[in-house]
Amino acid sequence: MSGEDIETRRKRLLYRSVYRGNKENDILLGQFARAHIATFDASELDQYERLLAASDNDIYDWVSGKVAVPAESDTPVVRKLLAFRVRF
């Protein structure tokens, strides 16, 4: 993203993670972003941004194991998400 520094980008992606509209994904992606986004480099932020572009239903189906992650979406960041466990 031209002109946007990495910290601003991280904050924007964190906000998008917490306020998805689907409560389950708000919790999952919000906790995941808080745990990992500060350490993501530009490439990982790109991968995460592509993940956030997926529908809530797709993300939920992938994480729940209901549907396999499609090859074009299978990135190291998605694999980190699949291994992540929400804390209550």
Side-chain angles (χ1 to χ4, degrees):
M1 309 219 116
S2 61
E4 184 177 35
D5 73 32
I6 198 160
E7 284 308 313
T8 301
R9 188 174 180 201
R10 285 181 176 133
K11 288 176 186 173
R12 181 177 49 78
L13 291 172
L14 176 59
Y15 182 88
R16 286 181 55 201
S17 299
V18 174
Y19 299 101
R20 298 276 308 174
N22 173 304
K23 196 61 171 173
E24 291 85 355
N25 284 350
D26 291 350
I27 294 167
L28 171 66
L29 295 171
Q31 286 190 21
F32 177 78
R34 285 185 188 101
H36 293 287
I37 208 163
T39 62
F40 283 174
D41 61 22
S43 171
E44 290 169 315
L45 290 174
D46 289 343
Q47 293 173 35
Y48 190 62
E49 195 155 21
R50 285 193 304 277
L51 169 65
L52 292 181
S55 76
D56 278 335
N57 290 340
D58 286 343
I59 294 169
Y60 186 80
D61 287 348
W62 299 341
V63 170
S64 67
K66 190 175 182 180
V67 176
V69 178
E72 66 273 8
S73 298
D74 188 12
T75 66
V77 168
V78 169
R79 280 182 243 128
K80 276 185 185 180
L81 176 66
L82 296 178
F84 183 74
R85 295 293 168 250
V86 172
R87 306 226 188 302
F88 290 101

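In what follows, every heavy atom counts, from backbone to side chain, and hydrogens, waters and symmetry copies are set aside.
Using a 4.5 Å heavy-atom threshold, the side chains of I27 and V18 count as separate. At least one side-chain heavy atom of F40 sits less than 4.5 Å from a side-chain heavy atom of K80.
Y15 and L81 fall into different hydrophobic clusters, defined by Ile, Leu, Val, Met, Phe, Trp and Tyr side-chain heavy atoms under 4.5 Å apart, directly or through other members. Tracing side-chain contacts under 4.5 Å through hydrophobic residues (I, L, V, M, F, W, Y), one never reaches F32 starting from L14; they form parts of separate clusters.
Electrostatic pairing of R20 and D56 counts as a salt bridge here, judged by a charged N lying under 4.0 Å from a carboxylate O. For the pair K11 and E4, the salt-bridge criterion is not met [side-chain N within less than 4.0 Å of a carboxylate O]. A salt bridge does not link R10 with D5: every distance from a Lys NZ or Arg NE/NH1/NH2 to an Asp or Glu carboxylate oxygen is 4.0 Å or more. The pair R50-E72 does not count as a salt bridge, with every side-chain nitrogen at least 4.0 angstrom from each carboxylate oxygen.
In terms of heavy atoms, L51 sits closest to V78 at CD1-CG2, 4.0 Å.
To the nearest 0.5 Å, atoms NE2 (H36) and CD (E44) are separated by 10.0 Å. Atom-to-atom distance recorded for S55:OG and N25:CG is 8.5 Å, nearest 0.5 angstrom. Of the inter-residue distances, the one linking F84 atom CZ with L29 atom CG reads 9.5 Å to the nearest 0.5 angstrom.
Side chain of Q47 to backbone of V77: a donor-acceptor contact under 3.5 angstrom is found. Here the side chain of Q31 pairs no donor or acceptor atom with the backbone of L28 at under 3.5 angstrom. Of the possible polar contacts, one joining the D26 side chain to the G21 backbone as a donor-acceptor pair under 3.5 Å is found. Remark: side-chain polar atoms of S17 are paired, donor with acceptor, to backbone N or O of L13 under 3.5 angstrom.
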E49/R12 under salt bridge (charged side-chain N to carboxylate O under 4.0 Å, His left out): CA gap, chis, key distance, verdict: CA-CA 10 Å; E49 195 155 21; R12 181 177 49 78; 3.1 Å; yes
Check against side chain to side chain contact (heavy atoms under 4.5 Å, CB included), I37 and L45: CA-CA 8 Å; I37 208 163; L45 290 174; 3.8 Å; yes
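Counting heavy atoms of neighbouring residues, nucleotides and ligands inside a 6.0 Å radius, atom OH of Y60 does not exceed 12 of them.
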